[in-house]
Amino acid sequence: MSDTGIEKPVIVLFRHDLRLGDNRALCAASQTGKPVIPVFLRDERVSGDNRPTGGARRWWLHHSLTGLAASLQALGAPLILKRGRTDDVIDTLIKDTGADMVVWNRRYDPPGAEIDDALQAELSHRAVATQSFEGQILHEPYALKSGPGGHYHYTAFWRALHDMPEPRDPLPVPLALKGWHHGLASDKLDDWCLLPQHTDWSQGFSGVWSPGENGALERLSIFLDGRIDNYPEDRDRPDIEATSRLSPHLAHGEITPFQIWHATKNPALDGQRAGAEKFRQELGWREFSYHLLFNNPRLRSENYNTAFDGFPWENRPDHLSAWKHGKTGYPIVDAGMRQLWRTGWMHNRVRMIVASFLIKHLLIDWRIGEGWFWDTLVDADPASNAAGWQWVAGSGADAAPYFRIFNPILQGEKFDPKGGYVREFVPELTALPDKYLHRPWTAPEVTLKKARIDLGKTYPRPIVDHQRARKRALEAFDKSR
DNA sequence: ATTATTTTGTC
DNA sequence: ACAAAATAA
């Protein structure tokens, strides 16, 4: 095909940048004036710390790709779906189309980055031009130098991030793309079987989420139009819709941190600066997680602080199962785990509570919890998930001290004071008065009876006693130190 | 991004 | 007698 006088096209790789706005690779391709072939390339090789996309993200991916394909079609360049090893797929595409240029937005998870580096090296030997661009995080991880003795702690990192040049402004959506009209087979999305196959656990997802770039931009504007004002006070309240819920959109690159950074410095928000700053700090934690992952490629499988390597995990299968199914007997923990299962997402405050419970009350290895979140979260992110779990375990960088053990009763009463969150996800406790909602086992028999609760039958008794579990965890951490 | 306990302050 | 503040873990 390459010698038939047909203009050589440029291939734009999509992986987790499922958007048209602020997409530098797509803009660069469009500006070459060549025909553009957008390719979503799914390389699911499993090696080292690379692992397949989790179930919840597969659901999201299916819907997001549907939206992306429609948007690209409207611009004149239909999306091609391909699956396989990146080098093989690109090799075939070049043979089939005569493409002499491949562009992409960089990835920062070590396995992905490694694949992309190898691709760049290989194509440079073959006189195929390559270009890669930033997009997923605000600053290249190597641009922020590590602090003395290794790496930054969060506050130092945040300061260093502020000392960096202002992140660039976001780019507009290209007005039109020159398509490639010489035939090129695409996989069929349905053949990828991304949606649940046997039992449909995703019924609760669609009422909560709108995967895709449009859904992302809508979430952002809803957040900026109101919630951001109360973000600093309400962000820890799972019973209030106070957070942006942008995490799954960010994880799939349907929106960039550049777009969010830019939107939160809008002068129209002048009266809400505190809210904007607090929200940006959360972007900061995301950046910090990528900084850690870049410097510690084994962040999800090895203790950052190796003093935890000898920790005597108990890993009881029955306790793990109770945790996964939201049947621990602690209402705030169970509500969180059920929200996760029902909606593919969990409020950040509750993530900390359930993680602390798994690690410290049940003495189950944080890596097991990390794996469950990987499979069940629509926003599962290789950096944030691993860094978050290590933070709670106390084994991470700038982590919570090991003796910080969340009291699931107090946390529930403090952050879900009226029980709206627990009642939504643990409906069998609905009729229990607020006073006992986070500690049903302390309610008098008559109260339980009136609320139609039969402890141990309709709702479990606590699988571990808080005071005893706390003491046991402190002793275990003490011994292994 | 804490909790439990002790100490101090106030009536 | 109780709450706020300090402190150890």
Side-chain angles (χ1 to χ4, degrees), chain A residues 151-159 161 230-240 242-244 247 274-275 277-292 299 304-305 307-308 311-312 330-333 336 340 345-363 366 369-370 373 377 379 381 383-417 421 438-439 442 462 464-481:
Chain A
H151 313 302
Y152 287 113
H153 282 211
Y154 179 68
T155 36
F157 178 85
W158 181 241
R159 239 178 287 126
L161 197 143
N230 303 322
Y231 184 71
E233 306 91 82
D234 291 347
R235 54 183 294 274
D236 273 324
R237 289 283 299 271
D239 57 333
I240 298 174
T243 64
S244 74
S247 57
E277 188 63 13
K278 191 74 196 161
F279 184 56
R280 281 180 164 196
Q281 284 242 9
E282 299 308 309
L283 277 185
W285 278 98
R286 182 174 175 278
E287 297 280 316
F288 185 52
S289 299
Y290 271 100
H291 168 80
L292 290 174
L299 192 65
Y304 178 92
N305 176 356
F308 281 75
F311 189 81
Y330 287 93
I332 191 71
V333 174
L340 174 60
W345 186 84
M346 197 194 302
H347 187 279
N348 179 252
R349 162 62 50 178
V350 189
R351 291 188 198 198
M352 293 190 281
I353 300 170
V354 303
S356 172
F357 190 83
L358 184 78
I359 296 166
K360 303 188 179 180
H361 286 75
L362 303 182
L363 298 183
W366 62 267
E370 195 274 346
F373 272 27
L377 278 170
D379 64 21
D381 179 284
S384 300
N385 199 37
W389 276 92
Q390 293 231 39
W391 184 87
V392 177
S395 63
D398 202 19
Y402 75 95
F403 48 75
R404 183 177 292 175
I405 297 168
F406 284 58
N407 178 331
I409 305 155
L410 293 183
Q411 289 282 314
E413 289 173 344
K414 187 167 176 195
F415 296 110
D416 185 27
Y421 181 71
H438 292 286
R439 46 177 109 211
T442 66
V464 290
D465 172 72
H466 167 67
Q467 293 300 344
R468 281 220 297 273
R470 175 186 159 80
K471 203 160 155 270
R472 187 174 70 138
L474 286 172
E475 285 165 4
F477 279 99
D478 210 34
K479 240 186 286 169
S480 75
R481 250 169 351 130

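A, B, ... follow the sequence lines: proteins, then strands. Residue 1 opens every chain. Quick note: numbers below take in every heavy atom, side chains included, and nothing from hydrogens, waters or symmetry partners.
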Kindly write out the residues that satisfy salt bridge (charged side-chain N to carboxylate O under 4.0 Å, His left out) with D478(A), not counting sequence neighbours, or none if the list is empty.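 Only R481(A) meet the salt bridge (charged side-chain N to carboxylate O under 4.0 Å, His left out) criterion with D478(A).
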Taking R468(A)'s backbone N and O only, do any of them form a donor-acceptor pair with D465(A)'s side chain (distance below 3.5 Å, no angle check)?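 Checked: pair present.
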For I405(A), report the nucleic acid contact type (base, sugar-phosphate, nothing); a contact means any heavy atom under 4.0 Å.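 Result for I405(A) = sugar-phosphate.
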Touch check for Q281(A), heavy atoms < 4.0 angstrom, all strands: base, sugar-phosphate only, or nothing?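 Nothing: the residue Q281(A), judged by heavy atoms under 4.0 Å, touches no strand.
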Applying side-chain hydrogen bond (donor to acceptor under 3.5 Å, both in side chains) as the test, list every pair that has at least one member in residues 346-357 of chain A; sequence neighbours left out.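 Every side-chain hydrogen bond (donor to acceptor under 3.5 Å, both in side chains) pair that includes a residue of residues 346-357 of chain A, provided the two are not neighbours, is D236(A)-R349(A), R349(A)-Q411(A), R351(A)-D379(A).
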Sequence-distant partners of H361(A), ring-ring contact (aromatic ring centres under 6.0 Å, His included), two or more places apart: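 Counting only residues at least two positions away or on another chain, H361(A) forms a ring-ring contact (aromatic ring centres under 6.0 Å, His included) with F357(A), H466(A).
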Qualifying residues under ring-ring contact (aromatic ring centres under 6.0 Å, His included), relative to F288(A), sequence neighbours excluded: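 Partners of F288(A) by the ring-ring contact (aromatic ring centres under 6.0 Å, His included) criterion, ordered by chain and then number, come out as Y154(A), F157(A), W285(A).
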W389(A) and its ring-ring contact (aromatic ring centres under 6.0 Å, His included) partner, picked from Y304(A), F373(A), F308(A):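 Output: one option passes, namely F373(A).
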From the 5' end of DNA chain B to its 3' end, which nucleotides mark the outer limits of contact with chain A, defined by a 4.0 Å heavy-atom distance cut-off (strictly under)?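 The contacted stretch runs from dA1(B) to dA4(B).
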Does the cation-pi check pass for K360(A) over F477(A), that is, NZ or CZ under 6.0 Å from the six-membered ring centre and within 45° of its axis?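 Verdict for F477(A): a cation-pi partner in K360(A).
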Show, in sequence, the C-alpha distance, side-chain angles and deciding distance for K479(A) and E475(A), and conclude whether the salt bridge (Lys or Arg N to Asp or Glu O under 4.0 Å) test is met. CA-CA 6 Å; K479(A) 240 186 286 169; E475(A) 285 165 4; over 6 Å; no
Strand-adjacent residues in residues 345-354 of chain A, judged by heavy atoms under 4.0 Å from DNA chain B: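 Only N348(A), M352(A) qualify.
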